[in-house]
Amino acid sequence: MAKNSSQGWDVPAVEAVRVTPDTRVSGVDTRGTPGFVGDKELGEKLLEERGAYLSSLQEKLYANGRSEHEHRSVLLVLQGMDTAGKGGMVRHVIGHVDPQGVDHASFGVPTAEEKRHHYLWRIRKALPRNGQIGVFDRSHYEDVLVVRVHNLVPPAEWEPRYDEINHFERELVDAGTTLVKVAMFVSLDEQKERLAERLDRPDKHWKYNPGDVTERGYWPKYQEAYQAMLDRTSTDYAPWHVVPCDRKWYSRLAVTELLIDALERLDLDWPPANFDIEVEKARLAQS
Ligand code: AMP
Ligand code: MG
């Protein structure tokens, strides 16, 4: 279990990928490995070691959720264009922890029922329970991304959503949820290669959606929408992180570190026994 996070990093991941007022989506080096000075081999080794440590922290969160009334949970929000690697993030990062402790939700085109409700309705229903790590594969941010790019609702309707989302997230944080927001970026070229692979491999056809190619034509508009999202919804209580994703080993390691940081900041102890240990030992011995 590698508790020491400094190996391989010259700047801690949380600092290296945290959004600043100067962050420009168009300037993200998607092949970059911010803060990490090791190579792929070290990155992959660390992912396993740090994944094991993440798992031990998660178990503590889960244990507290079982015995504490005060709500504490962590919510990982993954936003990124198709092929950015959201599914792989779930498999290779969240895959390290006990599935019992994970509340996973993915958000696609709203269903007929979802369309009849406020856009946050389906989000609220999927929030993590006490002691859980929640994972959103896409999220409420689609309602200021794809919706904005395609004007699925008029600007007068999506424009107020930035403030509304900030308010919503403030409520979540106040109620004991730590948000870890990750914007995942691949280059247009890398996306092309990943889509080509989906077309070439029968085991990947299920991931291919002809609409993904259409969306490539809207890249500049998506960049603009992602920029507005980062500018307007990165707050001190729920900051965005910009993670380059052309190198999957890096993005997975970086997100592992973000989750470890969030869990460590909760500063959890193992919950105390709610029974008399000596009495129970004596009872067990006699049984
Ligand atoms: P995937 O993640 O590949 O299964 O694709 C899900 C699709 O649902 C993506 O094209 C998203 O842009 C789309 N989507 C998610 N949320 C919304 C929303 N609120 N309005 C419209 N489309 C959405
Ligand atoms: Mg897709």
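Atoms within each ligand, like the ligands themselves, are counted from 1 in listed order. On a predicted model such as this, the values are computed, not experimentally measured, just so you know.
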Heavy-atom nearest neighbour of atom 16 (N) of ligand 1 within options Met81, Glu114, Arg122: Arg122
Nearest option to atom 14 (N) of ligand 1, as decided by whichever heavy atom of Ser139, Gly108, Ser106 sits closest: Gly108
Protein contact to atom 11 (C) of ligand 1 [nearest heavy atom, distance to 0.1 Å]: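 Protein heavy atom with the smallest distance to atom 11 (C) of ligand 1: Glu142 OE1, 3.5 Å.
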With backbone taken as N, CA, C and O and side chain as the heavy atoms from C-beta onward, which portion of [X] lies under 4.0 Å from ligand 1: side chain, backbone, both, or neither?
{"X": "Arg138", "value": "side chain"}
{"X": "Asp82", "value": "side chain"}
{"X": "Leu152", "value": "side chain"}
{"X": "Val146", "value": "side chain"}
{"X": "Pro110", "value": "side chain"}
{"X": "His140", "value": "neither"}

With distance as the sole test, does [X] use its side chain to make a donor-acceptor pair with the main-chain N or O of [Y] at under 3.5 Å?
{"X": "Arg247", "Y": "Arg31", "answer": "yes"}
{"X": "Asn166", "Y": "Arg232", "answer": "yes"}
{"X": "Asn64", "Y": "Lys60", "answer": "yes"}
{"X": "Asp246", "Y": "Ser187", "answer": "yes"}

Check ion pair Arg138-Asp82 (N to O, under 4.0 angstrom):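 Salt bridge present between Arg138 and Asp82.
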Atom 3 (O) of ligand 1 protein-contacted (non-hydrogen atom, under 4.0 angstrom): yes
Nearest-0.5 Å distance that lies between atom NE2 in His140 and atom CZ in Arg122: 11.0 Å
Rounded distance [0.5 Å steps], CZ in Arg161 versus CE in Met229: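 Here the interatomic distance stands at 15.0 Å.
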Contact flag Asp212/the Mg ion (ligand 2), N/O/S atoms, threshold under 2.8 Å: no
Single hit among Tyr226, Trp240, Tyr222 for ring-ring contact (aromatic ring centres under 6.0 Å, His included) with Phe185: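 So the option named by the test is Tyr226.
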Closest approach to the Mg ion (ligand 2) by Asp82, given as the N, O or S atom name: OD1
Parallel, tilted or perpendicular: rings of Trp9 and Tyr250 (30°, 60°):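 Judged by the thresholds at 30° and 60°, the geometry between Tyr250 and Trp9 is tilted.
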Backbone or side-chain N or O of Asp143 under 3.5 Å from ligand 1 N or O: yes
